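Since the structure is predicted, the reported quantities are computational estimates derived from the model, not experimental observations. Along the sequence shown, the residues carry numbers beginning at 1.
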Amino acid sequence: MALLQTHTLSHPIPSISPIFSSPKIHFQNSLLFSTTKIRHFSLSTHPRKLLCKPPLGKFVREDYLVKKMSAKEIEELVRGERNVPLIIDFYATWCGPCILMAQELEMLAVEYEKNAIIVKVDTDDEYEFAHNMQVKGLPTLFFISPDPNKEAIRTEGLIPIQMMRDIIDNEM
């Protein structure tokens, strides 16, 4: 069974330079500039159906506990009065480890529902803010204590959920 069907064009392809004038090159060009449609191979004879409605935003939905916030909202939250630690996740929608971290942060948000505030910032949308916060790698987490005398803890890269629990429980 042949996977690729070849044919020649009825009209000649103008050559760009003498290098491209060999018959072998014309044959390759006829494959590249062919006007015939290529049918994709599928084992299924039925059209594809969506199993569920796609999410409104990539990795950020209304029913998620970890909410996406703007730089201005984050600054107000940091400067405001809090009784619980604040965890800020700097992420990007194209970042694989960020997607894995988002799942872990959702689990933490359920676990620490009243004992921590977890928010996220899209570094593509808030580039200046991420630059000012010296975010170099993704994902980057900032753990900010409610005690203003304690320094913030910063992590870069994918970290295990148990390490996040230890920081929240012991360092904040």
Side-chain angles (χ1 to χ4, degrees), residues 3-4 31-32 37-172:
L3 295 177
L4 181 63
L31 287 177
L32 293 175
K37 292 183 180 177
I38 297 173
R39 291 186 55 192
H40 296 284
F41 179 74
S42 174
L43 294 175
S44 173
T45 56
H46 302 293
R48 291 186 182 184
K49 295 179 185 176
L50 288 177
L51 297 176
C52 62
K53 183 180 167 188
L56 300 175
K58 209 172 191 183
F59 315 114
V60 178
R61 292 182 18 185
E62 292 174 10
D63 60 339
Y64 284 177
L65 293 175
V66 180
K67 301 293 182 193
K68 178 182 168 185
M69 298 184 122
S70 68
K72 190 177 247 184
E73 293 170 324
I74 295 286
E75 287 174 9
E76 290 172 7
L77 197 57
V78 169
R79 290 189 180 129
E81 196 67 31
R82 284 177 288 106
N83 296 331
V84 294
L86 172 65
I87 296 101
I88 306 170
D89 172 29
F90 286 88
Y91 77 103
T93 56
W94 47 263
C95 169
C98 299
I99 296 166
L100 296 172
M101 182 78 83
Q103 296 168 356
E104 291 182 348
L105 289 172
E106 277 298 314
M107 290 190 285
L108 271 182
V110 170
E111 194 176 322
Y112 289 91
E113 187 176 2
K114 304 286 184 203
N115 298 326
I117 300 170
I118 306 173
V119 296
K120 58 189 346 176
V121 177
D122 189 344
T123 55
D124 291 332
D125 294 342
E126 300 289 343
Y127 177 77
E128 288 295 321
F129 182 56
H131 181 74
N132 291 341
M133 294 295 289
Q134 298 178 355
V135 173
K136 304 287 186 214
L138 295 176
T140 296
L141 292 178
F142 282 91
F143 295 85
I144 302 172
S145 174
D147 181 7
N149 296 327
K150 286 189 175 180
E151 288 189 25
I153 297 173
R154 173 192 174 152
T155 64
E156 196 170 288
L158 185 63
I159 62 171
I161 192 168
Q162 187 57 46
M163 186 181 291
M164 290 186 258
R165 286 186 189 117
D166 289 344
I167 292 172
I168 293 170
D169 293 337
N170 302 327
E171 304 296 328
M172 299 282 113

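Here the CG atom belonging to L138 is positioned 12.0 Å from the CG atom belonging to L158, to the nearest 0.5 angstrom. Atom CG of residue D122 and atom CG of residue D124 lie 5.0 Å apart, to the nearest 0.5 angstrom. With rounding to the nearest 0.5 angstrom, the CD1 atom of I87 is 8.5 Å from the CG atom of L141. To the nearest 0.5 Å, atom CD of residue E73 and atom CD of residue E126 are 8.5 Å apart. To the nearest 0.5 Å, the span separating CG on N83 from CD1 on I117 amounts to 9.0 Å. In this structure, CG in D89 is found 8.5 Å from OG1 in T155, a value given to the nearest 0.5 Å.
Partners of Q103 under the side-chain hydrogen bond (donor to acceptor under 3.5 Å, both in side chains) rule, at least two apart in sequence or in another chain, do not exist in this structure. Residues forming a side chain to side chain contact (heavy atoms under 4.5 Å, CB included) with V78 (at least two apart in sequence, or on another chain): I74, L86, I88, I144. Evaluation of the side chain to side chain contact (heavy atoms under 4.5 Å, CB included) rule for P85 yields P146, I168, M172 as partners, not counting sequence neighbours. Every residue was checked against the salt bridge (charged side-chain N to carboxylate O under 4.0 Å, His left out) condition with E151, not counting sequence neighbours, and none meets it. Judged as a salt bridge (charged side-chain N to carboxylate O under 4.0 Å, His left out), and not counting sequence neighbours, the contacts of R154 are E156. Residues meeting the side chain to side chain contact (heavy atoms under 4.5 Å, CB included) test with K72, sequence neighbours left out: S70, E76.
Using a 4.5 Å cut-off on side-chain heavy atoms (C-beta onward), K120 and M69 make no contact. Side-chain contact between I159 and M101 is present, with heavy atoms from C-beta onward closer than 4.5 Å. Side-chain contact between D147 and K150 is present, with at least one heavy-atom pair separated by less than 4.5 Å.
Evaluation of the ring-ring contact (aromatic ring centres under 6.0 Å, His included) test over residues 146-172, restricted to residues two or more places apart or in two chains, returns none. Here ring-ring contact (aromatic ring centres under 6.0 Å, His included) pairs that include residues 142-172, with residues two or more places apart or in two chains, are F90-F142. Within the structure, the side-chain hydrogen bond (donor to acceptor under 3.5 Å, both in side chains) test picks out the following pairs touching residues 158-172 (sequence neighbours left out): E111-R165, Y112-D169, Q162-R165, Q162-D166. Counting only residues at least two apart or in different chains, ring-ring contact (aromatic ring centres under 6.0 Å, His included) contacts with residues 151-172 are absent. Pairs passing the side-chain hydrogen bond (donor to acceptor under 3.5 Å, both in side chains) check and including a residue from residues 135-146, sequence neighbours excluded, do not occur.
In this structure a side-chain-to-backbone donor-acceptor pair under 3.5 Å is present from E106 to L65.
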